[in-house]
Structure formats: structure tokens, C-alpha cells
Amino acid sequence: MARHRIAQLIAALLIGWLGLPCVGAQEADTFDTLLAELRSSFGSSQNHKDALLEKLTALQPTFTPDQKEQYHLIHAHSLGERGKHRERVALVESHIGQVKTPIRRARFLYELIDGYTALGQYEKALQAMNESILLLPDLQKPSQKIVALQGALNLLSSLRAYDEALEFADRIYALRGNEADTYAACVGLSNKVETNYMRGHNDVARAYVADAIRACDANKNEFFTLIVKALAAIDLLESDDPRNAITAILPLLRQFSVLNNDSDYVIQLQEAIARAYLKSGNTERAEHYGLLAYQRAQSGGVLLLQDKTSETLGAIKRSQGQLAAALGYYDVNLDLKKKVLDDQLHKNLAYQ
């Protein structure tokens, strides 16, 4: 797994960041209504979100100082969603010096951590993480503290500092105040599931799956529930009959197509089902999903997904007897593995 998965988790968290009231259609094209629409646009097409942001941008001359901060925050997140991390970082760096309130500053720092991580600037990401953690005593609500804790967890997972990442997952889980407060439980347990899968402790991850799904269902957090189910379905391929993995993955792909088809979890599921079909001898379906995963990984630019999907497609082509095509994908994969190794060495140096 890779850094991209963290962005997907936080995309869901960001929906609750702005705390805007519900407004009626009769108030369309005011600051509050447009920002509220952006807040509820998770899973919508990028074109729809871009159109809303463009309308909001047109209102800039009327912004109060507080509205300017909220606008820059949502704009930075939008740039991150589109993979424009240099522009995202530049935007945050140009405004964060004027941001004084702890929760708003924590949110800007999250964008900075995630942007620096995406750019491979891990030392700067760690510095931003440390500043964010120092804000925790000034953050009052559990949901506010989760912003800082999750940003740190994301970065540490990317650096493969899994023990430390799991400590932050425990801290998020500990924020649940009572049985009715299911948000911290959902986020904390989902992180425990994913981080343990990432480090290869699949038995430990499986032990958390049912509790994580219950907590996220109780929180009505459909995206987190879907993430946990996706991870468990991919795990089936490693531990069970590939036909069971296919049966589990297909409905999840349909659910992602409705909820958030741009999610990198879709690539993970497509790559997994391609391997499942390959193991079960259906090379035609394996090639179909393998190509979908490979093409999406190439356009998404996530190094570890590019590595995984090129390796899988090479294996599919080899099984079909298309040796020249297989060698082409394996050559691509060899180059990607070198890049993955170089990136990990860079991460290790930054962390040390």
C-alpha cells in the first residue's frame, strides 16, 4: 500500500472540517451555500467540484478575513485532489503565517504535511507534523484533535514507521467519549486495520475488521466502512480461494463507482481481482481488470501502485503466452522497483 490511501481517508475527514450549517437552495451562490455544497460534494465528479470552486472564487472581493482562510483551505484541498501538490504547498505556505486559531492552523498544516509527502519532501513534512502535534493541547473537540493525529499517522505510515503510526491510531481511538461518540472509534479502528495490513500483520488486521465496520456503520460513515471492507476483500486473495475474493470484490467496485470512483482503492481492488482471475485461470477477465488498474495507476502517479499493477500485468501477459508484451511490462516494473527503493532510502534518511 502507499501514501495515496491516506489522502483517501482524509478526504472523508475533510467533509466534517468546515462545520457549515445546512442552507436552502434559495440562498444559492452565497459564500456559505457554495462552501456547504463543496463540503457535501465528496464523491462528485471533479468537474462539478471545480465549477463550485470557480463560483466561490468569483466572490473573493466580498470575503471577510475568516472567509478568506476557509476559502484558501478548501482551495488547497482541491489542488491536492487534482494532484497539483506544488501549487497546493505554495498556496498554504503563502497564507499559513496569518492563520492564528489552533484548529484552522491544524487544518492548514494537514494540507502541508500531505502535500510535502506527495512531493517526496519528507523532512519538511516531518517539521509540519511536529508543529501540528504541538497544537493538540489547544484543540478542544475530539474531531479537531483527529485532524492533527491523523496527519501524523498518515506521514508515519508512509515512512513505514508503523509502530509509531499505530500509537497515533490508539490515541485517536482513545478520544471516543461515550457509546454515542462513534467517530473516533470508526477512524481509530479503520487506521488499525489498514496500518496492520500495510505492515504485513494480516492476522492482527483481521481481528479489528468486524469492530471497525460496526463502529463506522454506527457513525453512518459509509466511506470508511467501504475502505475496511475493501481491505478485507483484498486480503481474501492471500488467505482464501480466489473465487471468494472475486465474489467479495465485485460488489465493492460497484459501491465505489457510486460513492467515489476516483478513489485509489478502486485501483487496489481492480489489481486484486485481476490476480484473482489469473489464479483461477480466466486470463481474459484478468487482462480486463489488470489493464484498468494499470492505466489508472499510470494516470494517478502513485509509485507503489504503478509498481504493483505493472508486475501483475506482466504476469498476465506471460500466462497468455505474449512474451514480448510480458517483457515490456517487466522492464517497466524493474525501473519502478528501483524508484521505489530510492524513495524508501530517502524516507529512511528523512526519518532518521
Side-chain angles (χ1 to χ4, degrees), residues 2-19 66 68-81 85-176 183-184 186-188 190-192 194-195 198 347 350-352:
R3 187 212 65 83
H4 70 280
R5 66 98 195 177
I6 294 156
Q8 298 300 332
L9 277 170
I10 291 299
L13 284 173
L14 282 169
I15 301 306
W17 272 18
L18 301 177
D66 182 71
K68 285 181 182 178
E69 286 187 4
Q70 293 189 64
Y71 167 74
H72 292 314
L73 180 62
I74 199 71
H75 188 194
H77 182 65
S78 175
L79 290 169
E81 282 189 321
H85 298 292
R86 293 192 187 282
E87 295 94 326
R88 178 193 197 182
V89 165
L91 175 64
V92 174
E93 286 180 333
S94 65
H95 294 288
I96 195 170
Q98 290 77 49
V99 179
K100 304 303 181 185
T101 58
I103 181 53
R104 190 69 56 73
R105 191 167 182 84
R107 291 166 180 166
F108 273 95
L109 284 167
Y110 167 75
E111 296 296 336
L112 208 52
I113 293 165
D114 196 59
Y116 281 141
T117 304
L119 294 172
Q121 298 179 22
Y122 304 115
E123 297 92 340
K124 290 183 177 180
L126 285 162
Q127 291 168 0
M129 181 196 81
N130 289 336
E131 182 181 349
S132 181
I133 294 302
L134 290 174
L135 291 172
L136 280 169
D138 298 318
L139 304 177
Q140 303 303 315
K141 297 179 181 179
S143 59
Q144 295 174 349
K145 293 179 183 291
I146 288 174
V147 172
L149 293 169
Q150 184 73 50
L153 189 155
N154 290 351
L155 175 57
L156 291 168
S157 293
S158 175
L159 297 174
R160 299 189 183 182
Y162 297 127
D163 288 340
E164 292 86 346
L166 285 168
E167 289 178 10
F168 281 99
D170 286 334
R171 291 177 68 176
I172 291 172
Y173 185 64
L175 291 172
R176 66 198 190 286
Y183 182 56
C186 169
V187 177
S190 297
N191 276 305
K192 290 186 181 191
E194 187 156 33
T195 305
M198 291 174 73
K347 289 177 178 179
Y351 187 64
Q352 293 303 322

Point to revise | Residue pair R171, K145: steps toward the side-chain contact (heavy atoms from CB on, under 4.5 Å) verdict | key: CA-CA 10 Å; R171 291 177 68 176; K145 293 179 183 291; over 6 Å; no
Exercise for review: Run the numbers on I172 and N191 for side-chain contact (heavy atoms from CB on, under 4.5 Å), then give the verdict.
Suggested key: CA-CA 9 Å; I172 291 172; N191 276 305; 4.0 Å; yes
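Counting heavy atoms from C-beta outward, F168 and I133 have side chains that approach closer than 4.5 Å. Put simply, the side chain of L79 does not reach to within 4.5 Å of the side chain of E111, judged on heavy atoms. Residues L175 and V187 are not in side-chain contact: their nearest non-hydrogen atoms beyond the backbone lie 4.5 Å or more apart. Between Q150 and Y110 there is no side-chain heavy-atom pair separated by less than 4.5 Å. Contact annotation: the side chain of L139 never approaches that of V147 to less than 4.5 Å [non-hydrogen atoms, C-beta and beyond]. Residues M129 and L156 form a side-chain contact, since some pair of their non-hydrogen atoms from C-beta on lies under 4.5 Å apart. Using a 4.5 Å heavy-atom threshold, the side chains of L159 and L126 count as touching. Looking only at side-chain heavy atoms (C-beta outward), Y183 and P142 stay at 4.5 Å or farther from each other.
A donor-acceptor contact shorter than 3.5 Å is absent between the side chain of K192 and the backbone of A169. In terms of modelled atom types and a separation under 3.5 Å, the side chain of S94 and the main chain of L91 share a donor-acceptor contact. At least one donor-acceptor pair closer than 3.5 Å links the side chain of R105 to the backbone N or O of I96. Using modelled atom types, one side-chain atom of S157 and one backbone atom of L153 make a donor-acceptor pair closer than 3.5 Å. In this structure, the side chain of Q144 engages the main chain of Q140 through a donor-acceptor pair within 3.5 Å. Formation of a donor-acceptor pair under 3.5 Å by the T117 side chain with backbone atoms of I113 is found in this model. Looking at S158, its side chain never comes within 3.5 Å of a backbone N or O of N154 through a donor-acceptor pair.
Shortest non-hydrogen contact noted between F108 and V92 is O-CG1, 3.6 Å. The two atoms that bring A165 and T195 nearest to each other are CB-CG2, 4.2 Å, heavy atoms only. Pairing each heavy atom of A106 with each of L135, the nearest pair is N-CD1, 3.8 Å.
Applying the side chain to side chain contact (heavy atoms under 4.5 Å, CB included) test to L134 and every residue at least two apart in sequence or in another chain returns nothing. Looking at residues two or more places apart in sequence or on another chain, you find a salt bridge (charged side-chain N to carboxylate O under 4.0 Å, His left out) between R104 and D66, E69.
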